[in-house]
Amino acid sequence: MAEKILLKNVGIPGSERLETYRSRGGYRALEKALRELKPSEVTDAVKKSGLRGRGGAGFPTGLKWSFVPKDVPGPRYLCCNADEGEPGTFKDRVILENDPHMLLEGIAISCFALSVVEAFIYIRGEFALGAERLERAVAEAEEAGLLGPNVLGSDFGLKVHVHRGAGSYICGEETALLESLEGKRGLPRLKPPFPASVGLYGRPTVINNVETLSCVPSIVQNGPEWFASIGTKGNTGPKLFAVSGHVERPGVYELPLGVTLRELLFEYAGGIRGGRGLKAVMPGGSSTPVITAEQADVKMDFDSLAAVGSALGSGAVIVMDDATCMVEVALGLTKFYRHESCGQCTPCREGLGWMVRLLEGIEFGRGSTADIDLLLEIASGISGKTLCPMGDAAVIPAQSTIARFRDEYESHVRTGGCPFKSAAGKVE
Amino acid sequence: MAQGTQRKFSPEAQKEVDKILFSYGVKESAVLPVLHVAQREFGCLDRAAVELVASTLGLSPTRVAQTASFYTMFSPAPLGKHVIQVCTNVSCSLLGSEGIVRYLEKRLGVERGHTRPDGLVTLSTVECLGSCGTAPVMAVNDRYFENLTTEKVESILRELGL
Ligand SMILES: Cc1cc2nc3c(=O)[nH]c(=O)nc-3n(C[C@H](O)[C@H](O)[C@H](O)COP(=O)(O)O)c2cc1C
Ligand code: FES
């Protein structure tokens, strides 16, 4: 893509400072929204732009905003999800550390649209630098009258809190995030009611991802038609792809939705490391089903990936070369989900431990063919049977690697161990 | 509670706590922020620290302890002066994080998940640090070290005086 939108300021010295952001046209969209548009017109523009949530589920942002009841008196809230915990994902961090004002401008415009006067940025606890830069950006913006009681001299006021998490993957799930913001354990809530009607402190609340909110200024500035002209039908706008694993040039790439996986990996990320072959990719983070090298021509957008049985998720592209053991990958990730399970739902709490034991058995040469089928059976006993979508996510590594690479599981069973055994790690 | 164990925030920390209390309209929302201050101030959230946070916020110690125990960044027992956390999640493990952990275990003479008896260093493995493009990655206290090799780890350890 010729023109960068989300990463346009990254790499410029002092990009995190207000004066840099303003010198590059920053906060003009906020000014435009406050001076020229009604709140409902901002929501309409976001709807028309086709923007879909970048946090994982791809839900249409304008539609989500329109679920907030208009006639309920009292406060309502916006929460920006900066928990970024999905393994493989490191895109929001680039914005938080390098362009915090773009996010703040997006938050301010969104709050104006939603009649919100208090917003929270829930940032994962480990992002110390990001939190520090965000806090400084908030202070700078308040000082300049871009946040605070009378934004740009208007009667719209906004308080933004930078709220640090404390090490918990599940707090990225929107209702767990709300619990955590209320000072509790991060236990997801049963839905419905949805946060749009009953959210933070029981009040109507919108939760959006960092990248989603960062798209808002350019939509307001350049118009929804412009935004919708980027990407493919139903999958509009720029997207940050966080490419990691066995590629020559891992990193965050901003490209239009709909770029092919092949182009992303071979033209941008430099191809597979050490001249090896591509084996498999998790195209949207560890919660998205693996796809194989044969599927490399898939378009990287919500609908195209769904059509091949996977998902765009957070846009975290985890690349595995032909020397990667898929059982080992599934084992590592299933352990991760077991560790992060909040423990409320029995299938997730107990089932994942069972799956880990079976996967360990297979990886270390004690497994049987029956264990492979049992894994699938347990997975289907977890998926769809928990109160938050983490149960579905947690079984995907095992389920999808068995679906695509069953022969590899079988050869572990047959040969009594891992055929990929390497010096760096295969000891129990 | 025995007299001698009563804790207090230092004046600087108290200032930070006051600022937090002032900024949050709903006091429950100040639980995590104040716990962060206490963790930094006391090095861990033992009973006395939890009780201090609870009384600061006017909440019951049980309520605060329940929350604190859910989050991995809050530690009930003191940690080493240097807390080394190596990511062993998917992207880091694809690029050899296991080798990094083993190197650290051998070099530091402490197993993962433990603090060395001299209290200088705690070594642990952690989940994805959100830095997968520069894997393998570790955090030492608040700071990230990326694109690790054993040579790089060695020079970081030397720099830390370990
Ligand atoms: C287990 C789990 C973890 C999640 N972690 C995150 C996260 O770290 N960041 C994020 O933006 N969304 C995360 N989500 C998705 C959120 O629940 C929510 O859908 C999203 O923040 C909505 O924002 P969007 O509409 O802008 O995408 C997670 C969901 C689940 C089930
Ligand atoms: S997998 Fe190690 S930082 Fe993400």
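Labels below follow one simple rule: chain letters A, B, ... track the order of the sequence lines, proteins then strands, and each chain is numbered from 1.
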Discussion item. Between A/His246 and A/Asp321 (side chain of the first, backbone of the second, donor and acceptor by atom type, cut-off under 3.5 Å), is there such a pair?
Written reply: yes
Worksheet, complete the sentence: Okay, A/Tyr169 and chain B: the region with an atom under 4.5 Å from a heavy atom over there is neither
Worksheet item: With chain B, which of A/Ser168, A/Ser180, A/Gly186 has the greatest number of heavy-atom pairs at distances under 4.5 Å?
Response: A/Gly186
Worksheet item: Using non-hydrogen atoms only, which part of A/Glu182 is less than 4.5 Å away from chain B: side chain, backbone, both, or neither?
Response: backbone
Worksheet entry | Largest heavy-atom contact set with chain B, pairs under 4.5 Å, which of A/Lys335, A/Arg273, A/Glu84, A/Lys159 | A/Arg273
Practice prompt. Sort A/Val329 into side chain, backbone, both or neither according to what part of it lies under 4.5 angstrom from a heavy atom of chain B.
Written response: side chain
Fill in: Among the listed options B/Met73, B/Gln39, B/Gln85, the residue most often paired with chain A at heavy-atom distances under 4.5 Å
B/Met73
Fill in: Spatial distance of atom SG (A/Cys342) from atom CG (A/Leu187) [nearest 0.5 Å]
5.0 Å
Discussion item. Quick check on A/His163 against chain B: is it the side chain, the backbone, both or neither that has a heavy atom closer than 4.5 Å?
Written reply: both
Worksheet item: Which region of A/Glu86, side chain (C-beta onward) or backbone (N, CA, C, O), has a non-hydrogen atom less than 4.5 Å from a non-hydrogen atom of chain B, or is it both or neither?
Response: backbone
Item to complete: Please assess A/Asp83 against A/Ile123 for the test side-chain contact (heavy atoms from CB on, under 4.5 Å), listing each intermediate value before the final yes or no.
Response: CA-CA 5 Å; A/Asp83 198 50; A/Ile123 179 169; over 6 Å; no
Worksheet item: Which answer fits A/Ala128, side chain, backbone, both or neither, if we ask what part of it has an atom under 4.5 Å from a heavy atom of chain B?
Response: side chain
Practice prompt. Would you indicate whether B/Glu154, at its atom CD, is surrounded by more than 12 heavy atoms from other residues, nucleotides or ligands within a distance under 6.0 Å?
Written response: yes
Worksheet entry | Gap between atom CD of B/Glu105 and atom NE2 of B/His114 - 0.5 Å precision | 10.0 Å
Discussion item. Does any backbone or side-chain atom of A/Phe336 lie under 4.5 Å from a heavy atom of chain B? Answer side chain, backbone, both or neither.
Written reply: both
Fill in: Segment of A/Val317 engaging chain B (4.5 angstrom heavy-atom cut-off)
neither
Response to the item:
Bottom line for A/Arg249: the part with an atom under 4.5 Å from chain B's heavy atoms is neither
Practice prompt. Please determine, by modelled atom types, if A/Ser314 and A/Thr89 share a side-chain donor-acceptor pair under 3.5 angstrom.
Written response: yes
Worksheet, complete the sentence: Answer key: most heavy-atom pairs under 4.5 Å with chain A among B/Ser93, B/Ser23, B/Ala30 is B/Ser23
Fill in: Engaged part of A/Leu129 at the chain B interface, taking heavy atoms whose separation is under 4.5 Å
neither
Worksheet entry | Cation-aromatic face contact A/Lys279/A/Phe405, 6.0 Å, 45 degrees | yes
Discussion item. Apply side-chain contact (heavy atoms from CB on, under 4.5 Å) to residues A/Cys80 and A/Val210 and explain how you reach the verdict.
Written reply: CA-CA 6 Å; A/Cys80 169; A/Val210 169; 3.7 Å; yes
Worksheet item: Is chain B contacted by the side chain of A/Thr324, its backbone, both, or neither, given a heavy-atom distance below 4.5 Å?
Response: side chain
Practice prompt. Specify which of B/Lys27, B/Glu127, B/Arg63 makes the most heavy-atom pairs with chain A at under 4.5 Å.
Written response: B/Glu127
Worksheet item: Of all of B/Val64, B/Val31, B/Asp142, B/Thr72, which one pairs up most often with chain A through heavy atoms under 4.5 Å apart?
Response: B/Thr72
Worksheet item: Which bit of A/Arg93 is near chain B, if near means a heavy-atom gap under 4.5 Å: side chain, backbone, both or neither?
Response: side chain
Worksheet item: For the residue pair B/Tyr24 and A/His161, does the interplanar ring angle fall in the parallel (under 30°), tilted (30 to 60°) or perpendicular (over 60°) class?
Response: parallel
Worksheet item: Ignoring hydrogens and geometry, is there a side-chain-to-backbone donor-acceptor pair from B/Arg47 to B/Pro76 under 3.5 Å?
Response: no
Discussion item. So for A/Val319, is it side chain, backbone, both, or neither that comes closer than 4.5 Å to the heavy atoms of chain B?
Written reply: backbone
Worksheet, complete the sentence: Separation between CG (A/Asp92) and CD (A/Glu97), nearest 0.5 Å, reads 11.0 Å
Item to complete: With rounding to the nearest 0.5 Å, note down the distance linking CZ in B/Phe42 to OG in B/Ser10.
Response: 7.5 Å
